[in-house]
K.L.:
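First the structure, then my questions, so here it is.
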Amino acid sequence: MKRFLHCAVTLGVIAVAMPLRAANWPHAETDSQNMMVWTNDDIEKLHNIGLISIVGRMDEEKPKSTPAPEPYVRIEDPEWYAAQAARLDIELERRQSQLREYRQAIDDVRNLRKTTGGINLEEGDLAITPEVGIEILERQISEVQTEINALEDLARRHDIPPGTLRGQ
């Protein structure tokens, strides 16, 4: 207990004995002896003798602009059309294959034959009846064909040769 009391008294004596340095230093607001208002003429004089330097460009020194490179416009690139057409052709073939397999599975069931094919039901649309399943697959084929037609129209508007879409 005496140890803690001794520490507290020592710290108290040190705090009182130390002068407050911040109060003794001059503040920026109270030091009015060196106050000077700079005018444009004063700054020009300093600039002439080399005490002020200006960083950056002056108004007279405008940089010569170089033409900016043209941005890539994909709708004017024949390779982009070829890649899109190839992707859509693959999708169309896959959808048509699904429809053929589905119809074959329905025919096999109607004729009581052994079935081995099927359709991936995880893709979204589920059919309650076989006829609805066929309608769903036909609609998906129609959607892909519509995308192909839209791509062909876009290519035609941008003067892309028709063979580009067929991979020629």
Side-chain angles (χ1 to χ4, degrees), residues 27-29 31-32 34-168:
H27 296 293
E29 300 162 358
D31 191 17
S32 61
N34 295 333
M35 193 177 221
M36 180 175 177
V37 176
W38 291 91
T39 63
N40 288 340
D41 294 334
D42 294 332
I43 292 175
E44 189 62 36
K45 288 176 190 175
L46 291 174
H47 179 65
N48 289 338
I49 60 174
L51 296 176
I52 292 181
S53 63
I54 298 174
V55 178
R57 293 188 178 98
M58 298 296 287
D59 289 338
E60 308 96 40
E61 301 175 14
K62 291 189 179 178
K64 296 178 182 176
S65 62
T66 58
E70 291 185 23
Y72 173 71
V73 180
R74 68 178 181 180
I75 59 173
E76 295 176 2
D77 184 10
E79 293 175 7
W80 179 79
Y81 284 98
Q84 294 300 312
R87 179 186 62 82
L88 290 172
D89 285 339
I90 291 169
E91 179 70 18
L92 181 62
E93 181 58 37
R94 184 178 72 84
R95 299 285 184 176
Q96 289 172 341
S97 173
Q98 279 182 335
L99 180 60
R100 280 192 302 273
E101 291 172 3
Y102 192 75
R103 283 185 172 154
Q104 183 63 44
I106 290 172
D107 287 343
D108 289 345
V109 169
R110 285 188 180 144
N111 296 327
L112 297 176
R113 285 185 262 168
K114 183 178 178 185
T115 61
T116 57
I119 186 170
N120 185 2
L121 298 177
E122 291 183 2
E123 286 192 15
D125 296 324
L126 296 175
I128 295 175
T129 64
E131 290 78 18
V132 173
I134 290 173
E135 288 175 15
I136 290 171
L137 291 173
E138 287 174 343
R139 184 184 42 164
Q140 290 174 345
I141 289 172
S142 175
E143 288 171 359
V144 173
Q145 189 63 47
T146 301
E147 288 182 44
I148 291 172
N149 293 340
L151 184 66
E152 289 173 350
D153 289 341
L154 185 64
R156 206 175 5 261
R157 280 182 284 180
H158 291 281
D159 300 324
I160 303 297
T164 304
L165 294 175
R166 294 186 292 267
Q168 297 175 350

K.L.:
Name all residues meeting the side-chain contact (heavy atoms from CB on, under 4.5 Å) criterion together with Q145; count only those two or more places apart in sequence or in a different chain, and write none if there are none.
P.N.:
L92, I148, N149
K.L.:
Who pairs with E93 by side chain to side chain donor-acceptor pair (under 3.5 Å), at least two apart in sequence or on another chain?
P.N.:
R100
K.L.:
With sequence neighbours excluded, tell me which residues meet side chain to side chain donor-acceptor pair (under 3.5 Å) with D89.
P.N.:
none
K.L.:
Sequence neighbours left out, what passes side-chain contact (heavy atoms from CB on, under 4.5 Å) with I90? Give chain and number order.
P.N.:
none
K.L.:
Measure the CD1-CG distance between I136 and L99 for me, rounded to the nearest 0.5 Å.
P.N.:
11.5 Å
K.L.:
Looking at every heavy atom in both R103 and I134, which two are closest together, and how far apart are they?
P.N.:
NH2-CG2, 3.6 Å
K.L.:
Does D41 have any side-chain contact (heavy atoms from CB on, under 4.5 Å) partners at least two apart in sequence or in another chain, and if so, which?
P.N.:
T39
K.L.:
In Å, rounded to the nearest 0.5 Å, how long is the span from CD of E76 to CG of L154?
P.N.:
10.0 Å
K.L.:
Could you pull out all residues at least two apart from E135 that satisfy salt bridge (Lys or Arg N to Asp or Glu O under 4.0 Å)?
P.N.:
none
K.L.:
With A82, which residues qualify under side-chain contact (heavy atoms from CB on, under 4.5 Å), at least two apart?
P.N.:
T164
K.L.:
Taking only residues two or more places apart in sequence, or in another chain, which ones meet D159 in a side chain to side chain donor-acceptor pair (under 3.5 Å)?
P.N.:
none
K.L.:
Listed by chain and number, what are the side chain to side chain donor-acceptor pair (under 3.5 Å) partners of E79, not counting sequence neighbours?
P.N.:
none
K.L.:
State whether R156 and D153 are salt-bridged, where the test is any N-O pair (Lys NZ or Arg NE/NH1/NH2 against Asp/Glu carboxylate O) under 4.0 Å.
P.N.:
yes
K.L.:
Do any N or O atoms from the side chain of S142 and from the backbone of E138 form a donor-acceptor pair under 3.5 angstrom?
P.N.:
no
K.L.:
What's the shortest heavy-atom distance between Y81 and I160, and which atoms?
P.N.:
CE1-CG1, 3.4 Å
K.L.:
For E91, give me all partners under salt bridge (Lys or Arg N to Asp or Glu O under 4.0 Å), at least two apart in sequence or on another chain.
P.N.:
R94, R95
